[in-house]
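The structure appears below as structure tokens.
Starting from 1, each residue takes its place in the sequence as its number.
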Amino acid sequence: MARDSLDRRHWHSVVVLTGAGISAESGLGTFRGAGGLWEQQRVEDVATPEAFARDPELVYRFYNARREHLCAGEVQPNAAHRALAELERSFPGNLALVTQNVDNLHERGGSRRLYHMHGELMKMRCQRSGSVFEAPAYFDAADRCVCCDEEGSLRPHVVWFGEMPLHMDEIHALLEDCDLFVAIGTSGNVYPAAGFVQVARQAGATTLEINPEITEGSGLFHHQWRGPATEQVPRLVSLLVGNQGTSV
């Protein structure tokens, strides 16, 4: 069977993982690609607990700028986001959408049930209570927390390097029960998400990578579809909710 062909069958349980590549087509910068965010700011300066303790104002400015860009009118959900929302509405089996992205483009595209394993840019968290709140477009150390009424206790609700991703127990349970795992627009070199394909394969799932380029983890997938997410994800959705009996 060709590496890009996928037998059409009745899948009962599907886990979809999305990465920065799906949002890049909406105009949001990736982190590791050419011109990515980490070429503009060092990880150590803006995306670690130590950075926040050392220079909170720099970290606030970085995430405020990202939030402002996300809310700009030109950044909109694309065809891939909308197709996954349609899959959520139409797929007859169990579907879990897991994203490494902190943007809200999946929600704006219509998805309602998803796991933000790296947190959410449009939310903030109290460092004292752990409570999570909707974030305004701009906040910093001068803002008082809703729950503790203290200044400086709010931080971006984003998982930084050195911190544990969110929802890991639920995600692993879903991977161990799925019969199709799809990774869309992921670099394949950020763990633990890079290891999801191995968990799914060990559980007996068929695995599919959708990415314009070969990644570090491409060889771990049974099937590879090359091309933009905006083209390949609608194709996948058509396969999963369409007629049975052929291959795509």
Side-chain angles (χ1 to χ4, degrees), residues 1-19 21-23 25 77-101 103-118 120 165-186 188 192-211 215 217-218 220-248:
M1 181 183 294
R3 293 286 284 173
D4 68 343
S5 70
L6 185 69
D7 281 345
R8 186 177 304 203
R9 66 187 73 182
H10 181 63
W11 305 103
H12 298 280
S13 181
V14 178
V15 174
V16 176
L17 170 70
T18 64
I22 195 172
S23 294
E25 294 187 63
N78 60 48
H81 295 109
R82 294 191 294 271
L84 288 173
E86 175 59 31
L87 183 61
E88 180 182 291
R89 292 188 292 268
S90 304
F91 184 62
N94 298 318
L95 174 73
L97 177 56
V98 180
T99 185
Q100 296 172 275
N101 300 334
D103 63 62
N104 61 357
L105 292 176
H106 279 302
E107 289 90 340
R108 287 163 59 187
S111 293
R112 294 293 176 262
R113 300 189 303 273
L114 67 156
Y115 298 86
H116 276 278
M117 62 180 294
H118 290 163
E120 300 178 63
L166 307 175
H167 312 299
M168 291 306 299
D169 289 343
E170 298 98 318
I171 293 169
H172 270 276
L174 291 164
L175 290 167
E176 290 170 351
D177 190 50
C178 75
D179 49 28
L180 175 64
F181 171 71
V182 184
I184 303 168
T186 62
F196 288 177
V197 59
Q198 294 168 303
V199 177
R201 286 192 64 151
Q202 288 170 1
T206 299
T207 56
L208 166 66
E209 178 186 57
I210 295 177
N211 204 295
T215 70
S218 291
L220 298 172
F221 289 83
H222 294 107
H223 307 280
Q224 301 163 18
W225 289 2
R226 297 284 168 241
T230 48
E231 296 177 2
Q232 299 299 336
V233 177
R235 173 189 176 196
L236 172 68
V237 174
S238 177
L239 173 73
L240 293 178
V241 301
N243 295 323
Q244 310 288 319
T246 61
S247 64
V248 174

Nearest atoms (heavy-atom pairs only) where Met168 meets Met117: SD-CE, 4.1 Å

Spacing of Leu174 atom CG and Asn94 atom CG [to the nearest 0.5 Å]: 8.5 Å

For Arg108, all residues meeting side chain to side chain contact (heavy atoms under 4.5 Å, CB included), sequence neighbours excluded: Leu70, Gln76, Pro77, Asn104, Leu105

Residues that Asp103 engages under side-chain hydrogen bond (donor to acceptor under 3.5 Å, both in side chains), provided they are two or more places apart: Ser23

Gap between atom CZ of Arg235 and atom CH2 of Trp225 - 0.5 Å precision: 4.0 Å

Short side-chain to backbone donor-acceptor contact, His12 and Gly93, under 3.5 Å: no

Gap between atom OG1 of Thr206 and atom CH2 of Trp11 - 0.5 Å precision: 3.5 Å

Side-chain heavy-atom pair Glu107, Glu120 within 4.5 angstrom cut-off: yes

Nearest heavy-atom neighbours spanning Ala85 and Gly109: CB-O, 3.3 Å

Let me check something: any side-chain donor-acceptor pairs from residues 194-202 under 3.5 Å, sequence neighbours excluded? List them with distances.
unit_1	atom_1	unit_2	atom_2	d
Arg201	NH1	Leu220	O	2.6
Arg201	NH2	His222	NE2	3.3

Side chain to side chain donor-acceptor pair (under 3.5 Å) contacts touching residues 173-186 (sequence neighbours left out): none

With Thr230 via side chain to side chain contact (heavy atoms under 4.5 Å, CB included) - residues at least two apart: Glu25, Asn78, Ala79, Pro228

Approximate separation, where rounding is to 0.5 Å, of His106 NE2 and Arg82 CZ: 13.0 Å

Heavy-atom check, side chain of Leu180 versus side chain of Leu240, under 4.5 Å: yes

Partners passing side-chain hydrogen bond (donor to acceptor under 3.5 Å, both in side chains) against Glu209 (at least two apart in sequence or in another chain): Thr215, Ser218, Arg226

Under the side chain to side chain contact (heavy atoms under 4.5 Å, CB included) test, residues paired with Ile184 that sit two or more places apart: Val16, Thr18, Ile22, Leu84, Val182, Ile210, Ala229, Val233

Heavy-atom pair with the smallest gap, counting every atom of Leu97 and Ser111: CD2-OG, 3.7 Å

Leu6 CG to Leu239 CG distance, which is reported to the nearest 0.5 Å: 5.5 Å

Counterpart residues, ring-ring contact (aromatic ring centres under 6.0 Å, His included), relative to His116 (two or more places apart): none

Test log, rule side-chain contact (heavy atoms from CB on, under 4.5 Å), inputs Phe181 and Leu17: CA-CA 8 Å; Phe181 171 71; Leu17 170 70; 3.9 Å; yes

